[in-house]
Amino acid sequence: MENIKLIADKTKQALLDAGADKAQFTVGEKETHEFNVDGGEFSLFRTLFDHSLSITAYKDQKKGAVAINRFDDEAIKAAAADCLKSAQDGIADEAYDIAPKQENGVFRQGAYEPDIDLFFERTKELMRDIKQRHPKILMEQMIVTHDKTHKIYQNTNGTEFEVFEGAYSVSLMFSAHEGDQTTSFFGSGIYTDKLDKPFIELGSLEKDLADTEAQLHLTPLEGKFEGVIVLTPGSLGSFLYSIMGNFVSDGVILEKTSIWLNKLEKQVADPRISISICPGDSRIVCGDRYTSDGFLAEDYDVIKDGVLKSFILSLYVANKSGFAHAKNSSYAVIVESGDTPCEDIIKNIKRGLVVGRFSGGEPGINGDFSGVAKNSFLIEDGQIKGAVSETMINGNLADLLNNLVAISEETVEDGTSVLPYMAFDKVVISGK
């Protein structure tokens, strides 16, 4: 392993020698142990080593950036020079900046050293569990890895953060098969720093496998109606990503196209809804400890009790817009659970849909969305009647948050987020 502290110091000096007014950079090394399973059989075991150096520098309020994967002195000096040349060719903007001096920190988290033998046994166990519990599942691809990462962030204001972290990840892509019947592909995964439980018990792996098997026998949905959609934690995550992108992110605030631009500290959602970004939460594995702009990371609320509390902004857009920058740069989303079991939520729905996955284009500026509800199940008179073939749903993201029916007491923790089931009314559901 390289002495990346020495590399960081050399990089900082090279940037100053090249004439940078301000600069920040991250130097890192990563060791990855990876198992691959294709068609139900082990196909690959390998160990990968990666080096990276990413630099951002400012000269006369102009910005340059460069990334390399070599650590020799010549490469570092050349990268610093290229970064400053890139800045010289840029456009000056007073909003460009880096964080002021922060308290330096060394962060150790996760499973830095892997237990390869137990990791392999857990992987084989997962293959057995899937075969025994879900015999109709064909595992198209399984990639399981342990990533061991050591990185150092520095900037010319004197801040230094050093991180030692390690975690295991499981990524599955599968479909179900029975005779001539087959389902579409579905993906599921988990991120963990422990090997104390079978992988199939983590995240939503078990339920995703079962739901995919249930998709073998589909019933076409007839007609068009306005009803309730129940978003699984997986599909909820994708909807929240669209909501964040459409209403509170850098681009829409900078361009002033967000319909929430003047909604800070105002009600934008049902009072039962609280959405936070919390890399420091104990349920988040190896959460970010500093931001991309060089601030120490803090957990924060985007929406609290239905009230918009924060935009998700980089330092640059914060400086341009006058709003506060985001307190972290991660997407470790946590939605507070409710007090209703998911089973009871469904019992109270006259007609609707459990949506396991949504496939659609980019929502409109106002939040209008339209697309196909996949891996979904029809609800009628409080009962799940069965899987439906691909069905269209459309509505509005902002309206969705104000048409909340219920939030489940159950949550799914996959190591990267903590999400419940959420039911929303007044969504248009269209079949044949």
Side-chain angles (χ1 to χ4, degrees), residues 1-32 48-109 112 147-166 279 286 288-298 314-319 325-330:
M1 304 290 273
E2 299 278 354
N3 183 347
I4 64 171
K5 179 63 168 65
L6 179 60
I7 303 302
D9 291 340
K10 287 182 177 180
T11 302
K12 185 175 181 179
Q13 189 59 53
L15 286 163
L16 294 174
D17 291 345
D21 296 331
K22 297 178 182 179
Q24 59 181 3
F25 55 89
T26 300
V27 55
E29 56 183 357
K30 182 166 73 172
E31 178 180 311
T32 299
L48 304 172
F49 299 92
D50 182 51
H51 300 90
S52 61
L53 173 59
S54 58
I55 304 171
T56 301
Y58 302 93
K59 178 69 174 179
D60 300 326
Q61 290 302 130
K62 298 178 181 180
K63 176 183 176 181
V66 70
I68 61 172
N69 59 5
R70 291 171 52 195
F71 288 167
D72 58 277
D73 291 354
E74 183 178 338
I76 292 171
K77 290 178 181 179
D82 289 345
C83 195
L84 266 295
K85 184 179 185 305
S86 173
Q88 290 168 0
D89 294 337
I91 299 173
D93 193 323
E94 292 183 357
Y96 288 136
D97 206 353
I98 59 176
K101 175 73 170 73
Q102 305 285 291
E103 181 181 351
N104 293 350
V106 177
F107 307 98
R108 301 178 186 275
Q109 54 186 358
Y112 189 62
D147 288 324
K148 172 183 175 180
T149 303
H150 178 204
K151 58 187 177 182
I152 291 177
Y153 166 93
Q154 284 188 5
N155 67 29
T156 51
N157 285 338
T159 299
E160 179 178 289
F161 303 128
E162 186 170 15
V163 177
F164 299 85
E165 64 186 20
C286 295
D288 291 348
R289 292 296 173 252
Y290 59 89
T291 77
S292 58
D293 297 309
F295 293 92
L296 281 164
E298 301 177 57
S314 64
L315 179 60
Y316 172 76
V317 176
N319 289 341
H325 64 83
K327 293 183 178 179
N328 65 69
S329 303
S330 76

Does any N or O in the side chain of E165 come within less than 3.5 Å of the main-chain N or O of T149, such that one atom is a donor and the other an acceptor?
-> no
Over all heavy atoms of both residues, which pair between H51 and N69 is shortest? Give the atoms and the distance, please.
-> O-CB, 3.2 Å
Give the C-alpha distance, both sets of side-chain angles, the deciding distance and a yes or no for side chain to side chain contact (heavy atoms under 4.5 Å, CB included) between K63 and T56.
-> CA-CA 7 Å; K63 176 183 176 181; T56 301; 3.8 Å; yes
Parallel, tilted or perpendicular, as decided by the 30° and 60° cut-offs, for the rings of Y153 and F161 = parallel
Residue pair V27 / F71, side-chain heavy-atom distance below 4.5 Å | yes
S292 to S329 - nearest heavy-atom pair and separation | N-OG, 2.9 Å
How about T32 and D147: does a side-chain donor come under 3.5 Å of a side-chain acceptor?
-> yes
Note: N319 and A95 closest approach over all heavy atoms is ND2-O, 3.0 Å
Hey, mind stepping through E162 and F107 against side chain to side chain contact (heavy atoms under 4.5 Å, CB included) and telling me if it holds?
-> CA-CA 6 Å; E162 186 170 15; F107 307 98; over 6 Å; no
To the nearest 0.5 Å, tell me how far E160 CD sits from E103 CD.
-> 13.0 Å
Taking atom types as modelled and ignoring hydrogens, do the side chains of N157 and T159 form a donor-acceptor contact shorter than 3.5 angstrom?
-> no
Go through the side-chain N and O atoms of H150 and E31 and say whether any donor and acceptor fall under 3.5 Å apart.
-> no
Is T156 reaching over with its side chain to a backbone N or O of A23, donor-acceptor style, under 3.5 angstrom?
-> yes
For atom NZ of K85, is the number of surrounding heavy atoms from other residues, nucleotides or ligands below 6.0 Å larger than 12?
-> no
Hey, could you give me the CG/CD distance between N104 and Q154, rounded to the nearest 0.5 Å?
-> 8.5 Å
Quick one: do K22 and D97 make a salt bridge, cutoff under 4.0 Å?
-> yes
On a heavy-atom basis, the closest approach of A57 and L84 is CB-CD2, 3.8 Å
Of the non-hydrogen atoms in A326 and T291, which two are nearest, and what is the gap between them?
-> O-CG2, 4.5 Å
Using only heavy-atom distances, determine whether the side chains of D9 and Q13 contain a donor-acceptor pair under 3.5 Å.
-> no
Pair Q61-E94, side-chain donor/acceptor within less than 3.5 Å = no
Charged N to carboxylate O below 4.0 Å: is that the case for K59 and D21?
-> yes
Taking all heavy atoms of C286 and all of G166, pick out the closest pair and write down the distance.
-> SG-O, 3.5 Å
Quick one: do L53 and T11 satisfy side chain to side chain contact (heavy atoms under 4.5 Å, CB included)? Show the steps, please.
-> CA-CA 9 Å; L53 173 59; T11 302; 3.7 Å; yes
Show your reasoning for whether side chain to side chain contact (heavy atoms under 4.5 Å, CB included) applies to N328 and Y290.
-> CA-CA 7 Å; N328 65 69; Y290 59 89; over 6 Å; no
Out of curiosity, K77 NZ to L15 CG, how far, rounded to the nearest 0.5 Å?
-> 12.5 Å
H325 vs F295 side-chain heavy atoms within contact, under 4.5 Å = yes
R70 bridged to D72 by N-O distance under 4.0 Å = yes
Distance (rounded to the nearest 0.5 Å) between I55 CD1 and S86 OG = 11.0 Å
Compare all side-chain heavy atoms of K5 with those of I152 and state whether any distance is below 4.5 angstrom.
-> yes
Mutual orientation of the aromatic rings belonging to Y58 and Y96 [parallel < 30°, tilted 30-60°, perpendicular > 60°] | tilted
Test: E29 and K148 ion pair at under 4.0 Å | no
